[in-house]
Amino acid sequence: MPMTQAHFHDLKDAGVLVTGGGSGIGASLVEAFAMQGAKVAFIDIAEEPSLALVRRLSATAPHPVHFFKTDLSDIPAIGRTVEAAASATGGLKVLVNNAAWDDRHDIDTVTEAYWDANQAVNLKQMFFTIQAALPHLRKAKD
Ligand SMILES: NC(=O)c1ccc[n+]([C@@H]2O[C@H](COP(=O)([O-])OP(=O)(O)OC[C@H]3O[C@@H](n4cnc5c(N)ncnc54)[C@H](O)[C@@H]3O)[C@@H](O)[C@H]2O)c1
């Protein structure tokens with residue numbers, strides 16, 4: 001039996017921002033939103049897989065997919081990138097806070113610097129990405 005895919009009409013032309021969209025689950029989200037006709041931007045620190053994803057989707061997605069190379073542990077850079085993403089997509093209706101750094105570690109070897117670096121990617125940036133995106137999300141709700 002052929003596979004059918006649901007179409008979500010409210011995603012057509014909607015601005016979507018995915019963090020950590022260059023690989024893994026984030027890349028699948030970028031592709032799925034783009035194939036629904038959304039205007040997708042994504043943030044990632046890893047350039048190579050991100051550019052490869054943009055190249056691949058340029059052949060099939062209805063709108064161009066926008067990649068922004070940003071380290072999400074740089075809080076001022078998040079603000080600048082969210083503004084650029086909102087501008088590239090014509091406004092943000094959806095934010096997916098997907099990026100994380102989920103490496104395995106041994107409790108005995110955790111240093112304060114490691115803890116801070118881990119929290120910067122796994123917690124702090126998520127709040128500040130929401131804070132930066134919220135004015136755009138509120139506007140889309142009006
Ligand atoms: N894979 C799983 O089984 C699983 C299970 C439960 C939850 N999750 C969660 O789902 C999300 C995605 O998981 P995944 O397995 O695809 O992760 P992944 O590590 O494969 O991908 C994370 C992406 O975030 C990017 N990233 C990491 N640090 C960054 C930074 N400082 N700035 C910008 N980008 C950065 C990476 O380059 C990568 O593209 C994560 O939040 C993870 O915790 C995953």
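We number each residue from 1, following the sequence as shown. As the structure lists them, so they are numbered: ligands from 1, and atoms in each ligand from 1.
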V121 to ligand 1, any heavy atom closer than 4.0 Å: yes
Flag: protein heavy atom within less than 4.0 Å of atom 33 (C) of ligand 1: yes
Nearest protein heavy atom under 4.0 Å from atom 16 (O) of ligand 1, yes or no: yes
Heavy-atom nearest neighbour of atom 10 (O) of ligand 1 within options I25, V18, T19, V96: I25
Side chains of D10 and K93 in contact at under 4.5 Å (non-hydrogen atoms): yes
Close side-chain approach of V82 to L92, heavy-atom, < 4.5 Å: yes
I45-ligand 1 polar pair, N/O distance under 3.5 Å: yes
D44 N/O to ligand 1 N/O under 3.5 Å: yes
Which residue and heavy atom of the protein sit nearest atom 31 (N) of ligand 1, plus the separation: D71 OD1, 3.0 Å
Side-chain heavy atoms of L57 within contact of R55, under 4.5 Å: no
K12 side chain near Q36 side chain, heavy-atom distance below 4.5 Å: no
Distance filter under 4.0 Å to G20 heavy atoms, resulting ligand 1 atoms: 23 (C), 24 (O), 25 (C), 39 (O)
Qualifying residue for side-chain contact (heavy atoms from CB on, under 4.5 Å) with T81, from L72, D74, T70: T70
Flag, side chain of D71 to backbone of I45, donor-acceptor distance under 3.5 Å: no
Side chain to side chain, F42 and V65, heavy atoms closer than 4.5 Å: yes
4.5 Å side-chain heavy-atom contact, R56 and E31: yes
Heavy atom of protein inside 4.0 Å of atom 6 (C) of ligand 1, strictly below: no
Sub-3.5 Å N/O-N/O distance, N98 and ligand 1: yes
Test item: T89 and L17 side chains (from C-beta on) under 4.5 Å apart, heavy atoms: no
Enumerated ligand 1 atoms positioned under 4.0 Å from heavy atoms of L72: 30 (C), 31 (N), 32 (N), 33 (C), 34 (N)
Pairwise side-chain contact, V40 with H63, heavy-atom cut-off 4.5 Å (strictly under): no
Residue-ligand contact T70/ligand 1, heavy atom below 4.0 Å: yes
Closer than 4.0 Å: a protein non-hydrogen atom to atom 23 (C) of ligand 1: yes
Close-contact set for ligand 1 against A46 heavy atoms, below 4.0 Å: 37 (O)
Closer than 4.0 Å: a protein non-hydrogen atom to atom 41 (O) of ligand 1: yes
Nearest-option assignment for atom 19 (O) of ligand 1, heavy atoms, candidates A100, A117, A77: A100
Donor-acceptor contact present, side-chain S87 to main-chain E83, <3.5 Å: no
Sub-4.0 Å atoms of ligand 1 with respect to non-hydrogen atoms of S23: 21 (O), 38 (C), 39 (O)
